[in-house]
Protein chains: 2
Amino acid sequence: MSTRLEKKLKTRHNLMSAALKLVEEGQHFSNVSIREIAKNAQVVPTSFYRHFTDMDDLGLALVDELSLVLRQLMRKARQEVVNPKLIIANSVALYVDHVYENRSFFVFMSQELTGGSARLRESIRSELLYFANELAADLKRLNLINHLPLDIADQLCLQVIMTVAMNTPELLDLDKGSQALEKLQQRMEIQLRMVFLGAANWSSSKN
Amino acid sequence: MSTRLEKKLKTRHNLMSAALKLVEEGQHFSNVSIREIAKNAQVVPTSFYRHFTDMDDLGLALVDELSLVLRQLMRKARQEVVNPKLIIANSVALYVDHVYENRSFFVFMSQELTGGSARLRESIRSELLYFANELAADLKRLNLINHLPLDIADQLCLQVIMTVAMNTPELLDLDKGSQALEKLQQRMEIQLRMVFLGAANWSSSKN
DNA sequence: ATTTTCAGTGTACAACCGTTGACTTAAACA
DNA sequence: TGTTTAAGTCAACGGTTGTACACTGAAAAT
């Protein structure tokens, strides 16, 4: 009924999902045990080693999946070509939605960006950097930052990504319909607008 | 030779230092065990409970000490009243120095800002918020942001703090004299200048 | 049809964990 | 001087951990 490879991949996926689930439930990734993961994946503990050498190994695999989640977000954003006037507010709303839809991934990312092993941190950072470059390409394509010097445009996009990432841990602590979330969302919009405004006025300043 | 209270406080301090040391050595705070801390503090494990009910309790005590470290930074910054033209570059350099001088605290703060228990996270966030308000008061006193609307000034200061905090994890991964550190420092300066520039041009924009 | 491969099983062990309760002993107190 | 207080000790518990090793059984390869 199912090939061996299919079964293996399925178990692998179950292990990763189990880890993610435990992280989403509040545990720190470095505190999740192999046995706990195996139990949640309905597999005996030693089976873990058939798929990953290490928890770090599993973490890196999760980062890879994370990149898919980010790419998916990018695609959603591209489809919603809107009035440039509202692009910031819309993008923030889109992001917030995406975070709630893929909560566990963003919990994992936020945690490991600052707390994980050196390799995991590095891995996530380079993922964000890649994402920033994608954003830069998109904004250029939409003629939104063409008037800026190239290095300033890149810097701007990196800062946008970092600003969003920086607000994510707090975002993850708030309930979906809450007033606090509304406030945070507004704050993100203001921060982004400030950054854009700063970039726009960069050349005209005496730097 | 020494009062009972002195001895107690000393042991308490040893426990906190031991925890901090283990965190600095690469472990995540939530992964540090009471026994390990006790061993490093040259005390029997059960002695831990004479001082803290919990690891969370110890964590909150560390946040309190952290606030002292931040206040100390603020004081240093106030003494260095410099040419406003260079204030950003100087402040960044000052901050970087302070981070290297109090490495373990900033490792702890970075970790727990995103990864710790809900209470710890909240505690550190409010610490940063307090710090942002202090900064706002100082900048107003120096007539550096007096021309801005009050809410924008506050928003600016919060964003400055968040920008610095956001870059700290990466800062902690770099060696003191390295070229990568130099680059990061420059990036922080640019980011801060962008934010200031954005705030300065806020009113004149159509918001 | 027979052999090989290998994902998943089961057992086992030594190390570590948090926390308990009863104890010692020296400083603080009356 | 005698009594109280409480920081630090000690032994012990039940539970969890990572991982080694030998195994099974069905899919894949021959």
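These numbers come from a predicted model, not from an experiment.
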Euclidean distance, atom [atom1] of residue [X] to atom [atom2] of [N] [Å, nearest integer]:
| X | N | atom1 | atom2 | result |
| --- | --- | --- | --- | --- |
| B/His13 | D/dA7 | NE2 | C1' | 18 Å |
| A/Leu22 | D/dT17 | CG | P | 10 Å |
| A/Gln27 | D/dT17 | CD | C1' | 13 Å |
| A/Ile37 | D/dT16 | CD1 | C1' | 15 Å |
| A/Phe52 | D/dG18 | CZ | C1' | 17 Å |
| A/Tyr49 | C/dG8 | OH | P | 15 Å |
| A/Glu6 | C/dC6 | CD | C1' | 17 Å |
| A/Lys10 | C/dG8 | NZ | C1' | 14 Å |

Exercise for the section: Evaluate the side-chain proximity of A/His28 to A/Val23: yes if any heavy-atom separation is below 4.5 Å, no if none is. Expected result: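 No, every pair of side-chain atoms sits at 4.5 Å or beyond.
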
Problem - Any A/Leu197 side-chain heavy atom under 4.5 Å of B/Leu197 side chain - result: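 Heavy-atom side-chain distance check fails, nothing below 4.5 Å.
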
Practice task
For a salt bridge (charged side-chain N to carboxylate O under 4.0 Å, His left out) with A/Glu134, tell me which candidate from A/Arg78, A/Lys140, A/Arg141 qualifies.
Solution key: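 With A/Glu134 as partner, salt bridge (charged side-chain N to carboxylate O under 4.0 Å, His left out) holds for just one option, A/Arg78.
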
Candidate nucleotides [options], ranked by approach to the side chain of [X] - the nearest:
| X | options | value |
| --- | --- | --- |
| A/Thr3 | C/dG18, C/dT9, D/dA28 | D/dA28 |
| A/Ser47 | D/dT19, C/dG18, C/dT9 | C/dT9 |
| B/Arg50 | C/dA22, C/dT9, C/dC17 | C/dA22 |
| A/Arg4 | D/dG18, C/dG8, C/dC6 | C/dC6 |
| A/Thr11 | C/dG8, C/dA7, C/dA26 | C/dG8 |
| B/Ile34 | D/dC23, C/dT19, C/dC17 | C/dT19 |

Problem - Of A/Gln42 and B/Val32, the one whose closest DNA chain C nucleotide lies more 5' - result: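 Its nearest nucleotide lies further toward 5', so the answer is A/Gln42.
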
Practice task
For B/Asp54 and for B/Leu5, locate the closest nucleotide of DNA chain C by heavy-atom distance; then report the residue assigned to the nucleotide nearer the 5' terminus.
Solution key: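 Nearest nucleotide further toward 5': that of B/Asp54.
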
Practice task
For B/Val44, report the nucleic acid contact type (base, sugar-phosphate, nothing); a contact means any heavy atom under 4.0 Å.
Solution key: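 It contacts base atoms.
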
Exercise for the section: Using heavy atoms to find the nearest nucleotide of DNA chain D for B/Lys8 and A/Lys39 separately, return the residue whose nucleotide is more 5′. Expected result: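 Its nearest nucleotide being more 5', the pick is B/Lys8.
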
Handout entry: Sidechain N-carboxylate O distance under 4.0 Å for A/Asp173, B/Arg125
Key =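 Counted as a salt bridge, because a side-chain N and a carboxylate O are separated by less than 4.0 Å.
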
Practice task
Would you state whether a donor and an acceptor, one from the side chain of B/Thr46 and one from the base of D/dC10, lie under 3.5 Å apart?
Solution key: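 Such a pair is found, so the answer is yes.
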
Exercise for the section: May I ask you to verify if any side-chain N or O of A/Ser33 is less than 4.0 angstrom from the OP1 or OP2 atom of D/dT16? Expected result: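 So the side-chain polar atoms of A/Ser33 never come under 4.0 Å of the phosphate oxygens OP1 or OP2 of D/dT16.
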
Practice task
May I ask you to decide if A/Arg119's main-chain N or O and A/Ser123's side chain share a donor-acceptor pair within less than 3.5 Å?
Solution key: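 Flag not set: sc A/Ser123 to bb A/Arg119 has no pair under 3.5 Å.
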
